[in-house]
There are 2 protein chains.
Amino acid sequence: MEKAADHKEVITIPEPTLRRLPIYYQYLKNLESTGTKVISCTTIGNDLDFDPTQVRKDFSYTGVEGKPKVGYLVADLLREIEEFLGWNKVNAAFLVGAGNLGTALLGYSQFKQHGLSIVGAFDKDEAKIGRLIHGKRVLALEKLPGLALRMGIRLGIITVPPASAQEVADLMVKGGIQAIWNFAPVTLKVPSPVLVRNEELYYSLASLSHSLAKKMHTKTEKGEEGYASN
Amino acid sequence: MEKAADHKEVITIPEPTLRRLPIYYQYLKNLESTGTKVISCTTIGNDLDFDPTQVRKDFSYTGVEGKPKVGYLVADLLREIEEFLGWNKVNAAFLVGAGNLGTALLGYSQFKQHGLSIVGAFDKDEAKIGRLIHGKRVLALEKLPGLALRMGIRLGIITVPPASAQEVADLMVKGGIQAIWNFAPVTLKVPSPVLVRNEELYYSLASLSHSLAKKMHTKTEKGEEGYASN
DNA sequence: TAGATTGTTAATCGATTAACAATC
DNA sequence: TAGATTGTTAATCGATTAACAATC
């Protein structure tokens, strides 16, 4: 298993690159809308605060090709990034947990342009079952595995409270779902072929509040205590 | 500026560590609720799929101390992480954009336990101004700078469409806000002391759809085309 | 052509992991 | 005490950045 595919080398893309591609994409979409046809890594790097070489390297993973002295065609870049990220095909997904966050995600019309279409919503709460949310009917949770199998759904979104998240994940696995986008702050246990991506809302929060606390601290040390109120 | 504080060395925490701390925190909260008092890095590493040495190193940044042969006190860890992340003090924040996502965030009661209290909501839309959302009155956007200054608000949350995000950021800066949690997919331009943290919803999506696409591709190459429907 | 930009290889930097002494 | 675990220093690994030849 370790040396699988040793003839055709497997290129794995670095996580940081994968994280930056959507940033380029959004930036390029903007450029496109202003009518810009061609762009250089230098300009992109300046605008997004990335090293130009890094931009070039990131792009190379998508297979796009630029022209020396000219740059890259915006249209080329958009097309290649879309294809690379699988955003040119739409993945049908089931969402479980029709609370605040679930409702917000169900209403996100932009998802379709990013390869995601939420085609079903589920909940355990009797009060929510049968209701329409952003045009989608909320179904009973226990119907998920059967429907997922029948419809060939490969992507699941979990927006339930942490205590129920594992149970939901189990049902998704049972329904043949292959990738889970998990918004509940829990580490899910799933069989290895199933992919889990945690949306760590609290990470950003951690980063922000840590920096704010540090800022405060620095100020206090300098003797400007209480300057910023609070 | 470059060699500021050369006597008292400035320890900067690696981003990845900062990203993991909330994961430990959530895990430890769970442990605490089951009555566990003491835990070792080995166990944590096993449960969360991290290298035990890494766990130890991560903890060291918070200043927590363990006991050889025994491990760490769960209570100690929770306290130190809370303090390190600034979660023991609550930051008051203003949120702009009372749409689906904004509404969801306004309803997130768990934020208070993570150092965040959203004390004001703003919108440009006349139809939304004056309404109550999760107990908070939506105010007119132009009131933000004045109120932020008066109340000493240091944290801002942006949940408006990308086209309005920069304008909102400018108002926040005018109101003396020092850190921005940005959910709009745009790169904001703010003066350097102001911190911006982008919540990149599309990154996870990129990662997931890319992996799904790759999985599909691999399968297809093996000649099992069309197996998973779609 | 000259100069800007790509594409790639090499050097650097930082995070992860391994090794191991200290200790309860 | 013996063994498990911490805390730390050194080795490894991978991503970022620098250098530079190729090229339009």
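Letters A, B, ... are given to chains in the order of the sequence lines, protein chains preceding strands, and every chain is numbered from 1.
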### From A/Glu200, A/Arg197, A/Arg19, A/Glu199, residue fulfilling side-chain hydrogen bond (donor to acceptor under 3.5 Å, both in side chains) relative to B/Ser204
A/Glu199

#### Entry: Nearest-Å distance for atom pair CD1/C1', residues B/Ile39 and D/dT5
13 Å

### Query
Counting only side-chain N and O atoms of B/Tyr72, is one of them less than 4.0 Å from OP1 or OP2 of D/dG7?
yes

#### Entry: Salt bridge A/Glu32-A/Lys29, side-chain N to carboxylate O under 4.0 Å
yes

### Task
For the pair B/Trp87 (side chain) and B/His114 (backbone), establish whether a donor and an acceptor sit closer than 3.5 Å, ignoring hydrogens and angles.
yes

Under 3.5 Å, which protein N or O atoms sit close to an N or O of nucleotides 1-3 of chain C? Give each pair with its distance.
none

### Task
Mind checking the CD-CD1 spacing from B/Gln26 to B/Ile81? Nearest 0.5 Å is all I need.
11.0 Å

### Task
Report yes or no: do A/Gln166 and A/Asp170 form a side-chain donor-acceptor pair below 3.5 Å?
yes

### Task
Decide if atom CD of B/Glu15 counts as having more than 12 heavy atoms of other residues, nucleotides or ligands within a radius under 6.0 Å.
yes

### Task
Look at the rings of A/Phe59 and A/Tyr24 and say which category their plane angle falls in: under 30° parallel, 30 to 60° tilted, over 60° perpendicular.
perpendicular

### Query
Can you tell me how far P of D/dA22 sits from CD of A/Glu65, to the nearest Å?
17 Å

### Query
Between C/dT8 atom C1' and A/Phe59 atom CZ, what is the distance in whole Å?
17 Å

### Plane angle bin for B/His210 and A/Phe84 - parallel if under 30°, tilted between 30 and 60°, otherwise perpendicular
parallel

### Message
Could you tell me the Watson-Crick or G-U partner of D/dT23, where both distances fall under 3.5 Å? Say none if there is no partner.
### Response
C/dA4

### Message
Base contacts versus sugar-phosphate-only contacts with protein, heavy atoms under 4.0 Å: please encode nucleotides 14-21 of chain C as B, S and - from 5' to 3'.
### Response
-SSBB---

### Summary
By the Watson-Crick or G-U definition, both distances under 3.5 Å, D/dG14 is matched with C/dC13

